[in-house]
There are 2 protein chains.
Amino acid sequence: MSRRPTIVDVARVAGVSKSTVSNVLQNSPLVRAETRAAVERAMGELGYVYNRAAANLRGVDVGLIGLVINDLRNPFFTEFAASAQMAFAERGYATVIANTDETPEMQARVIASMIEHGVSGFLISPTYVDDEEGLEVVRRAGLPAMQVLRRIDHRTEVFPFATLDYEAGGRLATEHLLSLGTRRIAFVGGLENRPVTLERTAGYAAVMGEAGLPTFAVHGRPSRAFGRDMALRLHAEHPEIEAVLCFSDLVALGMLAGFAEAGVRVGRDVRLVGFDDIEEAALAWPQLTSVRCDVARFGREAAAAMLEWIGDGVQPQENRLAPVELIVRASSAGDV
Amino acid sequence: MSRRPTIVDVARVAGVSKSTVSNVLQNSPLVRAETRAAVERAMGELGYVYNRAAANLRGVDVGLIGLVINDLRNPFFTEFAASAQMAFAERGYATVIANTDETPEMQARVIASMIEHGVSGFLISPTYVDDEEGLEVVRRAGLPAMQVLRRIDHRTEVFPFATLDYEAGGRLATEHLLSLGTRRIAFVGGLENRPVTLERTAGYAAVMGEAGLPTFAVHGRPSRAFGRDMALRLHAEHPEIEAVLCFSDLVALGMLAGFAEAGVRVGRDVRLVGFDDIEEAALAWPQLTSVRCDVARFGREAAAAMLEWIGDGVQPQENRLAPVELIVRASSAGDV
DNA sequence: CTGAAAGCGCTTACAG
DNA sequence: CTGAAAGCGCTTACAG
């Protein structure tokens, strides 16, 4: 574990000055081809590795992006994080990822830590915080940051916000269920008063209202367990419900299990629609109709917007809604 | 976006030298309480943030760990990554995470990038590579690295290996099925000749052999889709099979869907056991018997071992097997 | 096209 | 207990 070679070592071996080595590193057009070759040979010989910390000190972009995720274990966010990370990697950026587990304290700590590490910018899917202090430290550090999927700071002129067009998804799903002739449609899942819940519910409520129908919503943790419980409860207490639009596929998959347990045939006795279209939706039985949110593409686009901001200084638009799409399968439409 | 304050600015405001500021930063016991207080006040006033890159240059541990994951989208690895990351965060370490998507090229690139960023060590769940070059660059950089969950480099004296005791899991599951009276037990899933597959199959094969029973194995991608296909095929072509031990819960959940589709009652007509005990196992219908691999604990322990290595120089033992446990539910035992 | 020199923000002996 | 000085590995004008 001897000292790692530096540009000075490379320079000595290549018989040039360290400035020249640095120029090679910078891909400067100034340096002659033979010189470059000699330097590169020396690097290979010595096993030289670039020291970004040193470069950073001189004010160069370190090539590090901070990715702060409220719940990395949720497949939806995992997909987002993985897609964004890989898009960054393709452009030569490494990604510091942290799971805040929905705790504001964790979020504050990891953001502070990432600033210390000199990240060039942030993509943050934030935890809901009471105070508006959440992202203030980022602004003070003068770092570009985008809020994705959840907006906790209303200053979108400072922290541009990008998400999927959930409201449109809610509309599409509800219109679909109406078109099948169902009238008594419930909305299940999603924590009350969360922006995401409000958006997903809004499209549903709007379409129901336009059709002159009453809404019926039960909110709660968007988990499989909640879905299962609600399926059993709806079956027992509200057998009149003909269709359910779920806050998320996790809830819908839980309801699928709960209905199976209760002997209710999904797609026939009751129509079920999920939200997100995670991989499993197509593999469940019956297959789950769902609002597809192409989160992989969303992740790549968010990464691209961030890099454009860092690289060319073009700040992303304040609010960006990525389109969604309804994927119809057997859980809502019977034997399709 | 003016220049960020440095220790020199803090020193000026606090009326001390920059050495003293640095001593405060290092929590040196040398500095007087009042001086420390004055320095901390100045830091707060200026919004000072520590610059780790600069500290790193002086040879201090940057507090960055590299986490290289072959498939971050797989919930099993997500859980591992999230647990490890959070354990590192608790000890003040940030984590650079990269998904290599099972490609050796990606793996080589992200490892190189992390070395440039000055990580203090690696936790690597590697991609299978043909050449043995995979981790060589890490060794040359003199960095500590553990292989987790998959061993691609046999030099465990250099790259200690830690995984879960899959063979014991296979034994437990097979003994359980035998104890229920089933004799024709198949093993489904897992890519052929992968170490993980071999380990998970080994326990099954050993117990079957001891019981004087023949083995029957079908290998393939450990995905839901594969599981569903195999359920349909087994039902059609091998109705004599009484029980199935799956390579993973994903395969088992796929089989659950496939059997449902085929009208086969799992837990009665056929007994099914999964592997990993992901959250969904307990929420499927029927609930899935599974070999529980406490990957969250495994992630925390791997992180702890890494930090001990970095901090105190104690290299982890060469091969470490974390215990597993069989969780019996309805898919194998009927109405339990 | 190449080299000598200054400086990025910190830490670390060392002297006081 | 505190400060002056050197140096970590790089980049960046600038002079040649």
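- A salt bridge between B/Arg73 and B/Glu102 is absent, with no side-chain N of the basic residue lying under 4.0 Å from a carboxylate O of the acidic one.
- If you take CG of A/Asn23 and P of C/dC1, they are 12 Å apart, rounded to a whole angstrom.
- Judged by Watson-Crick or G-U wobble contacts below 3.5 Å, the nucleotide D/dG3 has C/dC14 as its partner.
- With the nearest nucleotide of DNA chain D identified for both B/Thr20 and B/Ala54, B/Thr20 has the one nearer the 5' end.
- One cannot find a donor-acceptor pair under 3.5 Å joining the base of D/dA4 and the side-chain atoms of B/Ser17.
- Within 4.0 Å of A/Val8, counting heavy atoms only, lies no atom of the nucleic acid at all.
- B/Arg151 and B/Asn319 share a side-chain donor-acceptor pair at under 3.5 Å.
- Between D/dG9, D/dC10, C/dT11, one nucleotide has an atom nearer to the side chain of A/Leu57 than all others, and that is D/dG9.
- Look at CD1 on A/Ile115: it is 17 Å from P on C/dG9, rounded to the nearest Å.
- No contact: A/Val21 has no heavy atom under 4.0 Å from any strand.
- A distance-only check finds a donor-acceptor pair linking the side chain of B/Gln107 to the backbone of B/Thr127 [under 3.5 Å].
- Between the CG atom of B/Asn56 and the C1' atom of C/dC8 there is a distance of 14 Å, given to the nearest Å.
- Regarding A/Leu30, its CG atom lies at a distance of 13 Å from the P atom of C/dG3, rounded to whole Å.
- The residues B/Arg155 and B/Glu136 are annotated as salt-bridged, a charged nitrogen and a carboxylate oxygen being separated by less than 4.0 angstrom.
- Taking atom CZ of residue B/Arg32 and atom P of nucleotide D/dG3, one finds them 10 Å apart after rounding to whole Å.
- Under the 3.5 Å distance criterion, the side-chain polar atoms of A/Thr95 are left unmatched by any main-chain donor or acceptor of A/Ile97.
- There is no side-chain donor-acceptor pair under 3.5 Å between A/Tyr128 and A/Asn70.
- For B/Arg58, whose side chain is taken as the heavy atoms from C-beta onward, the closest listed nucleotide among C/dC1, D/dG7, C/dG3 is D/dG7.
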Test side-chain contact (heavy atoms from CB on, under 4.5 Å) applied to A/Ile111 and A/Ile124, step by step: CA-CA 9 Å; A/Ile111 288 177; A/Ile124 307 184; 4.0 Å; yes
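- Nucleotide D/dG7 holds its P atom 12 Å from the NZ atom of A/Lys18, rounded to whole Å.
- If you take CD1 of A/Ile7 and P of D/dC10, they are 5 Å apart, rounded to a whole angstrom.
- Annotation: proximity of residues 35-46 of chain B to DNA chain D (heavy atom, distance under 4.0 Å) is found for B/Thr35, numbered in ascending order.
- Between the P atom of D/dG9 and the CZ atom of A/Arg4 lies a distance of 10 Å, rounded to the nearest Å.
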